[in-house]
Every structure is written in structure tokens, then in C-alpha cells.
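Here is the structure we will look at, set down as C-alpha cells.
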2 protein chains.
Amino acid sequence: MSYAIEHIAESLKAARERKGISQRALSAKAGVPQSHISKIENGAVDLRLSSLVELARVLDLELTLVPRKKLPAVRAIIRGDDDGHRDVQSARKATNLLQRLDDQIAALPSETLSEIVVQELQRRARELMHFKLSADDVVQLQEASAAMQEFLSDPRNLEAVEQAQSQLRMLRNALAHGAGVSAPSLPRPAYRLDGDDHG
Amino acid sequence: MSYAIEHIAESLKAARERKGISQRALSAKAGVPQSHISKIENGAVDLRLSSLVELARVLDLELTLVPRKKLPAVRAIIRGDDDGHRDVQSARKATNLLQRLDDQIAALPSETLSEIVVQELQRRARELMHFKLSADDVVQLQEASAAMQEFLSDPRNLEAVEQAQSQLRMLRNALAHGAGVSAPSLPRPAYRLDGDDHG
DNA sequence: AAGATTGATGTAGAATTCTACATCAAGGCA
DNA sequence: TGCCTTGATGTAGAATTCTACATCAATCTT
């Protein structure tokens, strides 16, 4: 089952628990059997859109298609708890930087870098779009982007790529630990990082 | 079929057209049959999440569950600096023309043109694929394609190639210049702009 | 300890997606 | 005009959701 589907499933579960209702209660309101809800939340089924929409409606959620360009900004709004717009500027900068980074990666010369490395970089950059980034994180991103640019203007400078790569990896790790709420989507590490939900 | 599903279907269709690709092209990239895409876009099926996610991925969209409370804010961001909804037809025509141009270049007789010139042409044509092209740009492309065709039917007409070449170069320069000035978050070309082909 | 609630799991069958393939009308382009 | 592309539609069959229902272990409540 794909990453995106599991992410949706986790979001549903989190929303339900945030509302403090049981699967059976949700079942009654949405008209979907409890057994099926269980399977959905566990990512055991590739559910149909109507099921998803129905559950989302009961949970006061709306299904939306957002352009990847704007994902970080949207994510920042959604994640923004009560003191939401404190960090709007950082979010905006992060959005631009991540977009720039994505473009830079797309522009990497395929002759000098293996496809695998490029995909890895792209994956990391896009992963970061799912986090709410602070001002400090933005600095990290700036450095990574600068390193990437260095390599683009001199493709023999492999060190630059490695630096960018390492920077992105470290940033992700830091975020994965600090984020109590947002992390359910990350590839499952050895340790467990969920257990309590939002609130 | 619920309103929400139709809305998603419309979004998919709009995104595809904004990218200027056909249902068959999308089909190839997403691994979903064209016939099925047609049904999806017309709201004739209650598609599965995996199908939706797959199509969204190809279209650079991310499926997201947004809390009703924050919907307006999110919508505002999405509608934001949208440079896309403006000119769907031009984008589509541009895509076709550039593809045609690429084919024409590939068909150039190698006896009459140096390899370097051919590569240069190909590079320029592909570079343009990464820009958002307006109706005026499309006219330029049409002329270039016409000139190219002229040369193809009469390989002694070297002037025609030069005209096409110049047209592409000018178009690229205009785009590269305008893109930097107007907005910071405009789509950047995925390729480097700088000509590195000096003697 | 007894009883209730929660979420996970299973089965059987109906309903629907989804695929592969073919075909068609409409529109663009030569 | 003739050719090609696009999107819509259909058919048959495989795969999967989805429902209804039952059951179970774990956990909370009294």
C-alpha cells in the first residue's frame, strides 16, 4: 500500500480519536460498518473515494487536491494548532526553498549522478514538505540549496551534493523526533513514535 | 455521486489540461487505462484511493484532508499566485508543438547538418518544454515548426533551419528574462539556461 | 470478579472497480 | 479531401471493495 494512502488512513484515525469517538460511533454516523473502518484505519484496504468522503464529512474534514508547490504552506496551516500563524514567514520561506530545491534536483545532470541518488534526494526534499518548518530549519534548507547550486555550476564537485544530502537527512531526522503529531507518515523506524494523538 | 467526488474529478481534469497533456499521455505515465481516466473525469466511477493517488502524483498534486475550519485559509493559498488557470489552450498547443518540433529535429538528415547543430536544436526545444508558454509564444513556435518543415522538405534550404534556430533562441531568451522579473515563485525551468556550448 | 466497550479479524456473497481491448464521432492539421 | 489525435463508450472477465454478521482479546468500569 502506497505511502499516500497510509497517510490518509492515519489522518482519519487521528481525526476520529481527536473527536473522542469510537469506531462504532463513527460507523453509525457514516453508515460504514465498524469492521470496515478498522480495516481502513489499518491500511488493509484500498478504499473507494465515496467511503473516504463519507468518513471525512463526519469527521469535519474535506478532501482536497493541493499542488505540490503549495504543500508546505498548506501543511503549516493545518498543523498550526492554536497559535497557528506565529510562524507564517518561515513557512513561506520554507515553501520557496523546498520548491527551489526540487527544481535543482530535477536539473541535476544525469551523466554524473546515479538515478538512485537523484531519486533519494527528491524523496527527501518532498518528505520535508510535510513538516511545519521553523526559522532554524529554513537556514538548513538554505545551506542545502546553496550546496546544490554549487554542484550545478560545477558538476565535478561531488562533495557539494553529499553535503546537501546530509543536510536534508539530518533535518528530517531532527523533525521526525521533535514532531509529536505530524510524523505518522514517515517510514516506520524501529522505534514506535505514535501512541498518543493530537491533544 | 456526491458533490465532493465530482469536485475531485473536476480538479483532476483541470490539472491535466493545465499541464497540456492528453488522457492517453496521462494514462501512460500513471499506468491507468485511458478509458478509465475518461470515466473518472466524468464522474462515472467511484474510484479507489490508489487510482486517485496515482493520477494525482503524476499531476503534481497531493491528496490532503483539511479540517473544515481551515478550509478557507487553505483555499486562499491554493488559489494564490496561480499562474496556471489562465491559459489552458495555449499550454496544450505549446505542448503539441514542442513535441512536434522534437520529432522534426529527430528526423533531420544527418548528411546535411552537423551533429552539433542538431543537438543544439534538440536541447533548445526541450528546454522550452519547461516553461509556461503564452498564446504569443505559441505563434513563435508555429513559425519555427513551419521553418523546420520547410527544411525537411528541401534539405538545401539551410536558411530555414537558421530561422527556426533563431526563433527558438529568441523565445528562450524572452522567457528566461521575463520569468526572473515578474514573480519570485514562478516555475523555474528544470534545465539550466546558460548556454555552455561555446567553442 | 463480572460486565461492558473497544478495536481487530474472519466468512460469504453482492456490487463495483479496474483492466485489456476495440470502436466511434468530433476536431485539428496536412 | 484524407489522416491523425482526442475523448467517450462498450464488453467481458478478473480482482477487490463493501456489507452483514459473528467472534475474540484486551481494556476499562463498576
Side-chain angles (χ1 to χ4, degrees), chain A residues 1-2 5 8-10 12-55 59 194-197, chain B residues 1-2 5 8-10 12-55 88-104 107 135 138-139 141-154:
Chain A
M1 204 71 55
S2 92
I5 293 185
I8 294 282
E10 299 266 2
L12 284 178
K13 179 172 184 176
R16 177 180 62 80
E17 292 179 340
R18 193 174 313 139
K19 267 191 136 48
I21 67 177
S22 68
Q23 288 182 348
R24 279 185 172 84
L26 179 59
S27 165
K29 291 186 183 183
V32 174
Q34 176 267 327
S35 62
H36 199 222
I37 292 179
S38 170
K39 285 161 191 160
I40 288 171
E41 287 187 352
N42 283 51
V45 290
D46 178 10
L47 75 167
R48 290 186 199 151
L49 199 46
S50 60
S51 302
L52 176 55
V53 165
E54 205 54 41
L55 293 175
L59 295 170
D194 83 80
D196 73 331
D197 74 317
Chain B
M1 203 76 43
S2 91
I5 294 185
I8 293 283
E10 283 175 18
L12 285 178
K13 180 172 184 175
R16 176 180 63 79
E17 291 181 339
R18 195 172 310 138
K19 268 193 135 47
I21 66 177
S22 68
Q23 288 182 349
R24 281 186 171 84
L26 179 59
S27 164
K29 291 186 184 179
V32 173
Q34 177 266 328
S35 61
H36 200 223
I37 292 179
S38 171
K39 285 161 191 159
I40 288 172
E41 287 187 352
N42 284 58
V45 290
D46 179 8
L47 76 167
R48 291 188 199 151
L49 199 46
S50 60
S51 302
L52 176 54
V53 165
E54 204 51 40
L55 292 175
V88 173
Q89 291 190 344
S90 294
R92 178 194 177 80
K93 281 193 178 176
T95 305
N96 292 338
L97 277 168
L98 283 172
Q99 185 56 47
R100 169 185 219 78
L101 216 42
D102 202 42
D103 293 339
Q104 288 174 320
V138 166
V139 175
L141 285 182
Q142 277 173 333
E143 291 178 12
S145 178
M148 195 74 79
Q149 191 56 45
E150 217 163 319
F151 174 75
L152 280 175
S153 51
D154 178 12

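Note on naming: letters A, B, ... go to the chains in the order of the sequence lines (proteins, then strands), and numbering restarts at 1 for each one.
When distances run from any side-chain atom of D46(A) to the nucleotides dG7(D), dT17(D), dC18(D), the shortest one goes to dT17(D). If you check dT6(C), dT17(C), dA8(D) against the side chain of V45(B), the one that comes closest is dT17(C).
Taking NZ from K29(B) and CD1 from I21(B), the interatomic distance works out to 5.0 Å, rounded to the nearest 0.5 Å. Atoms OG and CD, on S35(B) and Q23(B) in that order, are 9.5 Å from each other to the nearest 0.5 Å. With values rounded to the nearest 0.5 angstrom, E17(B) atom CD is found 11.0 Å from S22(B) atom OG. In this structure, CD1 on I8(A) lies 12.0 Å from CD1 on I40(A), to the nearest 0.5 angstrom. Distance check, rounded to the nearest 0.5 Å: CG of L47(B) to NE2 of H36(B) gives 7.0 Å.
The distance between atom CG of L52(B) and atom P of dT17(C), rounded to the nearest whole Å, is 14 Å. To the nearest angstrom, C1' of dT6(D) lies 11 Å from NZ of K13(B). As a whole-Å value, the separation of I5(B) CD1 from dT16(C) P is 13 Å. When rounded to the nearest whole Å, the span between CG of L49(B) and C1' of dT16(C) equals 16 Å. When rounded to the nearest whole Å, the span between CD1 of I21(A) and P of dT5(C) equals 16 Å. Straight-line distance from the NZ atom of K39(A) to the P atom of dG10(C): 9 Å, rounded to whole Å. The CD atom of Q23(A) sits 16 Å away from the C1' atom of dC18(D) (whole-angstrom rounding).
Heavy-atom distances to DNA chain D give each of R48(B) and E41(B) a nearest nucleotide, and the one nearer the 5′ end belongs to E41(B). The nearest heavy atom of DNA chain C to I40(B) and to R24(B) marks one nucleotide each, and the one closer to the 5' end goes with I40(B).
For dC18(C), one of the phosphate oxygens OP1 or OP2 lies less than 4.0 angstrom from a side-chain nitrogen or oxygen of S51(B). Distances shown here put every side-chain N or O of S22(A) at or beyond 4.0 Å from the OP1 or OP2 atom of dT5(C). A close approach under 4.0 Å does not occur between any side-chain nitrogen or oxygen of N42(B) and OP1 or OP2 of dG7(D).
Looking only at side-chain heavy atoms (C-beta outward), Q149(B) and L152(B) come within less than 4.5 Å of each other. The closest side-chain heavy-atom distance from S50(A) to D46(B) is below 4.5 Å. Looking only at side-chain heavy atoms (C-beta outward), E41(B) and R16(B) come within less than 4.5 Å of each other. The shortest distance between side-chain heavy atoms of R48(A) and L49(B) does not fall below 4.5 Å.
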Give me, pair by pair, the N or O atoms of the protein and of nucleotides 28-30 of chain C that are less than 3.5 Å apart, along with how far apart they are.
from    : atom 1 : to      : atom 2 : distance (Å)
dA30(C) : OP1    : R100(B) : NH2    : 3.1

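As judged by a 4.0 angstrom heavy-atom cut-off over every strand, S38(B) is placed among the base-contacting residues.
Contacts between residues 29-37 of chain B and DNA chain C, defined by a heavy-atom separation below 4.0 Å, involve G31(B), V32(B), P33(B), S35(B), H36(B), listed by number.
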>> Please evaluate residues S27(A) and V32(A) with respect to the criterion side chain to side chain contact (heavy atoms under 4.5 Å, CB included), reporting the C-alpha separation (whole Å), side-chain torsions for both, the decisive distance (0.1 Å), and the verdict.
In response: CA-CA 5 Å; S27(A) 165; V32(A) 174; 5.6 Å; no
